[in-house]
Amino acid sequence: MSAPAITPVFVRLKLSLLRNGLRQSRGRKAAYITSAVFALLFAALQLIGLIALRGHAHAESVVVLAVAVLGLGWAVMPLFFPSGDETLDPTRLVMLPLRPRPLVRALLTASLVGIGPLFTLCLLVGSVVAVARGGAAFAVGAVAVVLALLVCVALARAVAVANVRLLTSRKGRDLAVLSGLVIAIGAQIVNFGAQRLGASGLGELDPAAEVLQWVPPASAIGAVHAVSEGSYGLAVAQLALTAGALMALLAFWSRHLTRLMTSPDGSTLPGAESAAKERSSTGLARLLPAGRTGTVMERSLRYVWRDPKTKAAWVTSLAIGLIVPVFNAWQGTGSVYFACFAAGMLGIQMYNQFGQDTSAFWMVAMTISSTRDAYVELRARAYALLLITLPYATLVTVLTTAMLGDWRRLPEALGLSFALLGAMLATGAWTSARFPYSIPQEGYKNVAPGQAGLAWISIFGGMVAAALLCAPVIALTIWLNVSADGDDWTWLLLPAGAVYGAVLTTAGLKLAAPRTARRLPEILAAVSKG
């Protein structure tokens, strides 16, 4: 007697998961319906736009690149949105008596249910219509759409099963937090690419499309265009490449699925060796000053590396601080002064220092019994920030200057960056003591409910104050640039800005220290909220 087919069961399971998820709350149902409507509307507009490309000289390049980017999106989706689809975690099925091949077939079919596959289908159909000419091309296009869709879904599943231990761990949650950064950087890259295309035309895409037409799933769309051009041998090769990629992904998925469901989870076993290595690792501590200063610096740097929210804030600041000046310099519209954006973005990390500790701040508060203790605590946190910020701001400034070829302005740009950084460290230390607020550890919110006003005052008020504190250096820069013989003295802006920034930092720390020591109970209550 043959075993019953499990594919219909998994399809019904997927539908049940979607239905039950919407029943949890009205907010979740509204969010899902709204996102589905917008996704389908965008898919429909995209389908119309692709059909409108039909007959355009560079239509093939556009659709090949679009499908290649679509495939990349399916590959990274499980890494950045591990909780987006509960069926991506096959460890839930470990205790069931299921064989790998039927399970792969059932999971692949169930994966075709959802907004993502429907969106992908619309894009693929529009791509085929844009490049197909003749009945043979449309016939090949029907096969190409199925193959490309299955490659996308199998790629997502293969990536998910190969990284399922990561996706269900703390590091996987780190990736989810950083997904917003990837979207922000991707938006900047798309914006830059759109500007280039607007200036040079779609012909700029042809070289990339020539390569990507041999990369699945874009190779399936390349086969449709090849048939339209009468290159049947080329079309067969591209379809065979797509089918081969699908078979390879299914084999990879099946092998890793078997290993995952038959081997113990090493993450739950005691890692004595790793723990011993962690305890004996003192490389970072050896490089830092002795005493409380080194301890606080090490703690702050470990927060940057280990805490998801802190890591996301730092990586976002590092990325955007580089993207803005470099992209503007690349387009020829930038200025060396844009490099100050890097110092400004990283200087923001000094704000709300105690809120980053959340409820664990009580352990820090117990070690602060005087103004001196508070000063050393704040100074060490500033040192930890400077350890990353100073070389980074210098690197971004030098890179921007090199791209623009305006080496004469390098000293003044560096001087302004150092002065701005010092001003933000000073105001950040003071606002950390005056306007502390809590950062929720769960979810994507960076401010606890009811504390948004404190966050706005702390960050934006501090940034305005930092800009005002930098006014003397800015005025000196302007005066030297408009003065007749000022060019001979602009080099003085580098040491002047560095010294001025150091003075501001010291003054800000000394002003914030007594307030921190006096307001420890209020600070603890504020950062522990939520």
Would Trp407 and Val398 satisfy side chain to side chain contact (heavy atoms under 4.5 Å, CB included), going step by step from the backbone distance to the final call?
-> CA-CA 9 Å; Trp407 292 103; Val398 172; 4.2 Å; yes

Side chain to side chain contact (heavy atoms under 4.5 Å, CB included) between Val63 and Leu123, intermediate numbers included = CA-CA 9 Å; Val63 298; Leu123 188 145; over 6 Å; no

Test side chain to side chain contact (heavy atoms under 4.5 Å, CB included) applied to Val227 and Tyr232, step by step | CA-CA 5 Å; Val227 172; Tyr232 298 104; 3.8 Å; yes

Verdict with supporting geometry, Leu385 and Leu421, side chain to side chain contact (heavy atoms under 4.5 Å, CB included) = CA-CA 10 Å; Leu385 190 145; Leu421 181 58; 4.3 Å; yes

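Within the 4.5 Å cutoff, the side chain of Phe42 has no heavy atoms near those of the Leu47 side chain. The closest side-chain heavy-atom distance from Trp253 to Thr258 is not below 4.5 Å. Using a 4.5 Å cut-off on side-chain heavy atoms (C-beta onward), Phe119 and Gln46 make contact. Within the 4.5 Å cutoff, the side chain of Leu50 has no heavy atoms near those of the Val125 side chain. Side-chain contact between Leu399 and Leu322: present, with at least one pair of heavy atoms (C-beta onward) separated by less than 4.5 Å. Side-chain contact check for Gln349 versus Met424: every heavy-atom pair is 4.5 Å or farther apart. Between Leu390 and Phe418 there is a side-chain heavy-atom pair separated by less than 4.5 Å. The shortest distance between side-chain heavy atoms of Leu346 and Leu318 falls below 4.5 Å.
Between the side chain of Ser228 and the backbone N or O of Val131 there is at least one donor-acceptor pair closer than 3.5 Å. A donor-acceptor contact shorter than 3.5 Å is absent between the side chain of Asn328 and the backbone of Phe338. Although no hydrogens or angles enter the test, the distance criterion places no donor-acceptor pair under 3.5 Å between the side chain of Tyr337 and the main chain of Ala413. Using a distance-only test at 3.5 Å, with no hydrogens or angles considered, a donor-acceptor pair links the side chain of Thr109 to the main chain of Arg105. Remark: the backbone N or O of Val304 is not paired with any side-chain donor or acceptor of Lys311 at under 3.5 angstrom.
Closest approach of Ala209 and Val64 over heavy atoms only: O-CG1, 4.0 Å. In terms of heavy atoms, Met403 sits closest to Ala329 at CB-CB, 4.0 Å. Taking every heavy atom of both residues into account, Leu494 and Leu414 meet most closely at CD1-CB, 3.5 Å. Here the closest non-hydrogen pair linking Ala144 and Ala220 is CB-O, 3.5 Å. Scanning all heavy atoms of the two residues, the minimum distance from Ala130 to Ala59 falls at O-CB, 4.2 Å. For the pair Leu149 and Pro117, the tightest heavy-atom approach, listed with the atom from each and the gap, is CD1-O, 3.9 Å.
Note that the CZ atom of Arg157 and the CG atom of Leu250 stand 12.0 Å from one another [nearest 0.5 Å]. Cys152 SG to Leu124 CG: the interatomic distance, rounded to the nearest 0.5 Å, is 6.0 Å. Taking CG of Leu112 as the reference point, atom CG of Leu107 lies at 11.0 Å (rounded to 0.5 Å). Note: Trp491 CH2 to Glu412 CD = 13.5 Å, rounded to the nearest 0.5 Å. If you take CD on Gln356 and OH on Tyr351, they are separated by 13.0 Å, rounding to the nearest 0.5 Å. Going from atom CD1 of Ile48 over to atom CG of Leu53 covers 12.5 Å, rounded to the nearest 0.5 Å.
If you run side chain to side chain contact (heavy atoms under 4.5 Å, CB included) between Leu150 and each of Leu249, Leu155, Leu246, only Leu246 comes through. Here the rule is side chain to side chain contact (heavy atoms under 4.5 Å, CB included) with Met345, and of Thr389, Ile323, Val324, Ile320 only Ile320 fits it. Here the rule is side chain to side chain donor-acceptor pair (under 3.5 Å) with Arg409, and of Thr490, Asn481, Thr401, Thr397 only Asn481 fits it.
Thr120 and Trp74 form a side-chain donor-acceptor contact under 3.5 Å, judged by distance and modelled atom types alone. Looking only at atom types and distance, the side chain of Gln213 has no donor-acceptor partner in the side chain of Ser219 under 3.5 Å away.
Heavy atoms of other residues, nucleotides or ligands lying less than 6.0 angstrom from CZ of Arg408 number more than 12.
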